[in-house]
Amino acid sequence: MKAIEDFTLVGKTILRREDGYLMRGKAQFLDDLPEPKGLIHLAFVLSPYARADILSIDAGAAKALPGVIDVLTGKDFVDDIKLFAPVIEIGGYRPVRRPVVAVDRVNFVGEYVAVILAESPYVAQDALDLVEVSYDPLPSVAGIDEAAAPGAPVLHDHLGDNLIFKTAFETEGFADRFAEGDVVVEEEFRLGRVTGVMIEPRGCMACPDPIATNMTLWTPTQIPHIVRTAIADHLDIAESALRVVTPAVGGGFGTKAHVYPDELIVVALARRLGRAVKWVQDRREELLTNAHAREHVLKIRVAAKNDGEIRAVHLDVRTNCGAYPNHPYSPTLEATAAVRMMPGPYRIRNYKYDVSSVTTNTAPTGAYRGTGQPSAFLAIEGMMDRVGRRLGLDPADVRRRNTIRPEEFPYVNVVGVRYDTGSYLPSLERGLEMIGYDAFRAAQPEDRLVGGKYRGIGICNYTEVSGTGAPGWRVRGFAKMPGFDSSRVVVEPDGKVTVYVSQADAGQGHYTTFAQLAADRLGVDWADVMVVEGDTSKTPYGTGTFASRGSVVGGGTVIRCSEKVGVKVRRIAGYMLNADPERLVMKEGRVFDPASPDRGLTLREVAETAYSMNNLGLPQGEEHGLEATDYYDPPMVTMANGTHVVQVAVDPEDGKVEIERYVVVHDCGRVINPKIVEGQVHGATVQGIGEALMEEIVYDAEGQHLNANLLDYLLPTAMDVPDLELSHIETPSIDTVGGIKGAAEGGLTGAVPALANAVGDALAGLGVNITRVPLRPSYVFEQIRRARAAQEGRT
Amino acid sequence: MKPAAFDYHRPDSLEEACALLAEHGAEARVLAGGQSLVPLMNMRILSPAVLIDINRCRELSYLRREDGVIACGALTRQGEAETSDLVAAHLPLMAAAMPHVGVRANRNFGTVCGSLAHADPLAELPSVAAALEARFVIASSRGRREVDAGEFFVSALTNCIEPDEMLAEVRLPVAAANARSAFLEIANRAHGFAVAGVAALVEIDGEGRCTRARLSAMGAGDTTARLAPVEALIEGRRLDEGLIREAGAAATAAAEPAQDVHATADYRAHVIGTLVSRALRQMAGQPGGAA
Amino acid sequence: MILEGDTLIPADRHAVWTALNDPEVLRDCIPGCQSLERQSDTDFTSSVRAAIGPVSATFGARITLSEIEPDRGYTISGEGKGGAAGFARGKARVDLADEPGGTRLRYTADVNVGGKLAQVGSRLIQGTAKKLSEEFFGRLGERLGATPGAAPSAPAAPVAAGTAGLSGRRLLWAGAIVILLAVIAWAIGR
Amino acid sequence: MSTKKVTVRLKVNGKDYVRDVEPRYLLADFLRHELHLTGTHIGCEHGVCGACTVLINGKTGRSCLQFAAALDGAEITTVEGIAGDRPLHPVQEAFHEAHALQCGYCTPGFLMTTIEFLGQNPDPDRDEIRQALTNNMCRCTGYLNIIDAVEDAAKRLREGAREA
């Protein structure tokens, strides 16, 4: 990829154009859209049981309630919605399909059992209380270990057991290489189950539209094109007859990058009834039924030489699929992300992994910011500390010993992923320097007790997968994941620019950054560039905005497409100016030869020619119009990187973890808009603080969800957030267009392991071994108490 | 998540409110600030047939000093108590607890009496009221009665108010000149939804001896109650470090907490001990008495 | 959730056993019980008016006895459904043993609260069992204490005892039967 | 229980409205669906997240925990009333310049909280700001830029007050 050397706007902070209408309350989120006449409001009857047979559903009283239009059950959808399932083609994956509304059997608490159709949301809720469902409860299973145990209740009979996915990988001669280690260090790590908790829950509205297309679905999704294809596949609707539009989206975080049963249901009902149908999720439903994530068990064995060199790693990852595979990723997503990301910034050449996923009577799990990476780095970064402790080496030195050095790039890692560029070692060094690592270690007493609190430092040096292209999805079995994204850039007759992008913004600032990129390439004022996205009828097809792909793939295609239009602009301008198009430049809304800058054209003048609005005519063979379309399939993946270094104090009297210093070094290649990148780092890091210290969805052994509300599922508040000390390194990619790497997930990926390691370091003097998150005070306190008791027992 | 329908009444006086309660009894709920009630209604954990909105009963909105107590009416907002000079001057324990009660938007509307009537053993104000030895004035068409905290708090989210009654006023004894107080709580994050907490008040004489101790712990059991063994332990003694530690251990031993998604019962018991020790340490170091 | 506990009842074992199988005694001792009828040797139906926290309602529940060992113990199962609010069901083993001063009643209950109640009502559920069981054993003790043939002069108040719990530490002590009823009540009373 | 409607008179953003609604109708729904002031968002309906925060008689309140009927006669300010169609309010300007919003769903609530807070504490330190911001939850920004924005807004308002 030829590097772009002449960026003008890229790298500059431009304040977001979205802010004005958002701050004036003028943005239209799903539930803010004007309601069509005759709108039907839906509510779902949710299963209270983790596993049960549905014996009968009596909706008589509900149907009799004034304002209730109908009450439908699973059987009512069998004919018009096919069994719902993602398309996954990878060895070891065993497909499971599900009805969108349960038929005869429920498999998790919150599964849809019946659908209320009512004239108002209040009446719909009234009707929920009147539907009598008779269940025959069955034995259920919620945890990974329990679901994998012999004799466990089996969710899906055709599988024979609960193992929905299992695969393995091993480098040549692995056992021999492993045996070369001087020491073997083993550990098992666990991550709690979490979810996105966007402040805007989900919802969707389908509107029959007999004139334009047959149907418009409004849904705050990160993947409008994939939603359209999934609905077309499952409902037998022509893709041309379905338009999927994302209104303003109140946060996505991967949770909104799925296709959900309700999206199929509203479209099916709108089609059947010829009326608009809307459903708005409430917070309880959000926590019960949206894709959850994590709940991973990682068993890791590391063979190391006495000097700290990691000789070989064996990683066994087990994940909880939930009751059904999510759409479109299935449980393979986090599982394969974890094992493929584990090598991270390290020179690990001998690697074996086993990975598996089991079905349980819990909500389906799927994508959430960081996907698999917080788990992978909790394991490998945790082992860096443990290898250090075992060998009497500083954990920073163990990392230095194994980190890929700048001169080794481009580097292909052990699972075949190419690291084109990166600042793995400089980033680590800068992070350590910023926090004053050496001084801290020098002053740290052996028992780590300073002023009544245990103090420690945790490091996470991570890589962040971003901008995955078609080959990157294909190698992991995602058969229907396009991988590419696309754009159409139009110079309008007045010389202003419209950019249509296949992505879908959920707060990332695309309306500003994509304008910035197009303006940069076309030499116009960014304010003259409008951005349109999140509408399948307006933009060309593409993958969407998740997995840190917006800037890499969306940005890449906007750059490419703008340059394509630029070629035509210069061709027409060259004809008009009687100049060599190759010599012309576009700057400040004009096209001219730098040798004679006074003799040029405005972009508007060129556009008027292109649109036949003057008598100048076009060169021979040139088509009218001034636009281009581009489909950009980026490299397999592009690795960003960074380092989190955290200093914590743990109070042994109450188990509370206080973050005293928090340093982030961040390298996402070419930065488009620094302020926006900073925002991504802040947001992801704080979600990581949440995951590390407080967030967890709790199921009891029977599969009952115990905290589907925001009093019991805790999100960080402003008081939980330390001021971050943030530093950027800019190491542009040489593989992607513009050198851009993704930026959205590293914060979370860095925070979870760094915090766990910091607490582990603080308590290492006591002999406490921190192997799981979240680290709530109750848990930390218990570890301290046990360790102290054990110490007293020894003395 | 929308509330079920209800019949709505908006009396202008306590008398009218009591008449409505007499008429509707157990079918009715009193709406004041709504910060505890309405979430339960939205979730349809609670769907009262009748709502009696006392927000127009202006006579119930007051904080005033009367013979050694601060009287707080049923309609007095938490935010008013938080910024009240009377509370700051005479109820320092309550003043210390106020910032922990929900968040600003909750306190702007939530009432002191509403939180007390909600009787959440993990809430701040019930423990404050118990430590202060508050008296609860319960009104109905049958008349008024006054009970203490021990009688008022029956169990988790259960008070002693009969269906035709309402909490009309809480009477909070003013702090003695030699009183010191401390309020501490701990949560799984920096602010909000305590896992445990302690409201403490001690009086210390010229010799540095604790002459009176009143402590109540949040999360120590299924109801708000004082930590009587701790009080008995420290009364008449100097608050030195040894006694402070002993008191913490006594609090841990006295607590009978429950386990939930936030914390184990063990943790709660121990952290209540920790908080009791911290509170006593804090009070021992406070100016005001001879130390 | 597993709940375990025990209590000393000031009456001899046979008297306690008889009481535990006497619908009339149970009705009098279960707080808010309006009816408790024996449908067969092992099946009861019950209607209870209960105030649990801010929730008060009348509910119906089905109770079944099994593994009956006269004068020694039985297993009691209950189930209550609360429609949209969820459900509660549970099973408890109750065993009786002689002890100076009366009869030791031990119970192990496995109570499963599900649906909306479990998801959003955790604060509300806490403590309910204890309150109701205190009342239940208080009344049972009073009643048996007053019964001729019961162990004399033992205190009528319920006796706290339970030691084990989820955390191995005085989690809850409560009567199995009443815990079942309490959570069932909870499920219905919204 | 009846679904009989009652008459509600509210002054919202300086304008008088009269509507007949069920007593159970939440203020949030009233603003959004009766008055079409959809800038006030619903996030949890149990008073925790703060997305629905509006000013009720000058004080921040959860519009998901208030019945419109019970507020008969009250004055409400929603996000639409902060600047109206005029240029951005200094608090909004500060949010814009600090990049204190991403998806913007929670932002109306944060603006309300900030306006109330700075009215009571015109020169807060960062800890006080953090404490005030517990009134609302944001999942995108990690709060840091919001804290910066409130600091900056305080400065702008103090300077504005001096100039006036």
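Quick note on labels: first sequence line is chain A, next is B, and so on, each numbered from 1.
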Quiz item: So, D:H36 and A:D32: side-chain donor and acceptor under 3.5 Å apart, yes or no?
Solution: no
Quiz item: Any residues in residues 62-81 of chain D near chain A, with a heavy-atom distance under 4.5 Å, and which are they?
Solution: D:V79, D:E80
Self-check item: Atom group of D:I82 that falls short of 4.5 Å from chain A, counting heavy atoms
Solution: neither
Self-check item: D:Y105 portion near chain A, given a 4.5 angstrom heavy-atom threshold
Solution: both
Quiz item: Which residue out of A:G252, A:G251, A:G683 racks up the most heavy-atom pairs below 4.5 Å with chain D?
Solution: A:G683
Practice problem: Under 4.5 Å heavy-atom distance to chain D, tell me which part of A:Y21 shows up: side chain, backbone, both or neither. | Solution: neither
Quiz prompt | Flag, side chain of D:H46 to backbone of A:L710, donor-acceptor distance under 3.5 Å | solution = yes
Exercise. Could you tell me whether D:R139 and A:E695 make a salt bridge, using a distance below 4.0 angstrom between a side-chain N and a carboxylate O?
Key: yes
Exercise. In sequence, state the C-alpha distance, the side-chain angles, and the governing distance for A:D31 and D:H33, and then conclude on side chain to side chain contact (heavy atoms under 4.5 Å, CB included).
Key: CA-CA 9 Å; A:D31 197 29; D:H33 298 300; 3.7 Å; yes
Quiz prompt | Polar side chain donor-acceptor pair, D:D29 to A:Y122, under 3.5 angstrom | solution = yes
Quiz item: With respect to chain D, which residue among A:K675, A:Q680, A:K26 yields the maximal number of heavy-atom pairs within a distance under 4.5 Å?
Solution: A:K675
Quiz item: Any donor-acceptor pair under 3.5 Å linking the side chain of A:R16 with the backbone of D:H99?
Solution: no
Practice problem: Below 4.5 Å from any heavy atom of chain D, which atoms of A:L33 appear? Answer side chain, backbone, both or neither. | Solution: neither
Quiz item: Under a 4.5 Å heavy-atom cut-off, does chain D meet the side chain of A:L724, its backbone, both or neither?
Solution: both
Quiz prompt | Student check: side-chain heavy atoms of A:E200 and D:H41 closer than 4.5 Å | solution = no
Quiz item: For the side chain of A:R283 and the backbone of D:G43, is there at least one donor-acceptor N/O pair under 3.5 Å apart?
Solution: yes
Exercise. Answer with side chain, backbone, both or neither: which region of D:Y25 has an atom nearer than 4.5 Å to a non-hydrogen atom of chain A?
Key: both
Quiz item: Is there a side-chain contact between D:N145 and A:E678 (heavy atoms, below 4.5 Å)?
Solution: yes
Quiz prompt | Residue, of A:T685, A:D282, A:V197, that accumulates the most heavy atom pairs under 4.5 Å with chain D | solution = A:V197
Practice problem: Side chain from CB out, backbone as N, CA, C, O: work out which of these in A:P716 comes under 4.5 Å of a heavy atom of chain D, or both, or neither. | Solution: both
Quiz item: Which answer fits D:T107, side chain, backbone, both or neither, if we ask what part of it has an atom under 4.5 Å from a heavy atom of chain A?
Solution: side chain
Quiz item: Considering only heavy atoms, which portion of A:A248 lies under 4.5 Å from any heavy atom of chain D: side chain, backbone, both, or neither?
Solution: neither
Quiz prompt | Proximal component of D:E45, with respect to chain A [non-hydrogen, under 4.5 Å] | solution = side chain
Quiz item: Between D:P108, D:C140, D:A51, D:C138, which residue shows the highest count of heavy-atom pairs closer than 4.5 Å to chain A?
Solution: D:C140
Quiz item: What parts of residues 114-132 of chain D touch chain A if we use heavy atoms and a cut-off under 4.5 Å?
Solution: D:R126, D:R130, D:Q131
Quiz item: Which residue out of A:V721, A:V249, A:V686 racks up the most heavy-atom pairs below 4.5 Å with chain D?
Solution: A:V721
Practice problem: Would you check if A:T717 and D:L133 make a side-chain contact, meaning some heavy-atom pair closer than 4.5 Å? | Solution: no
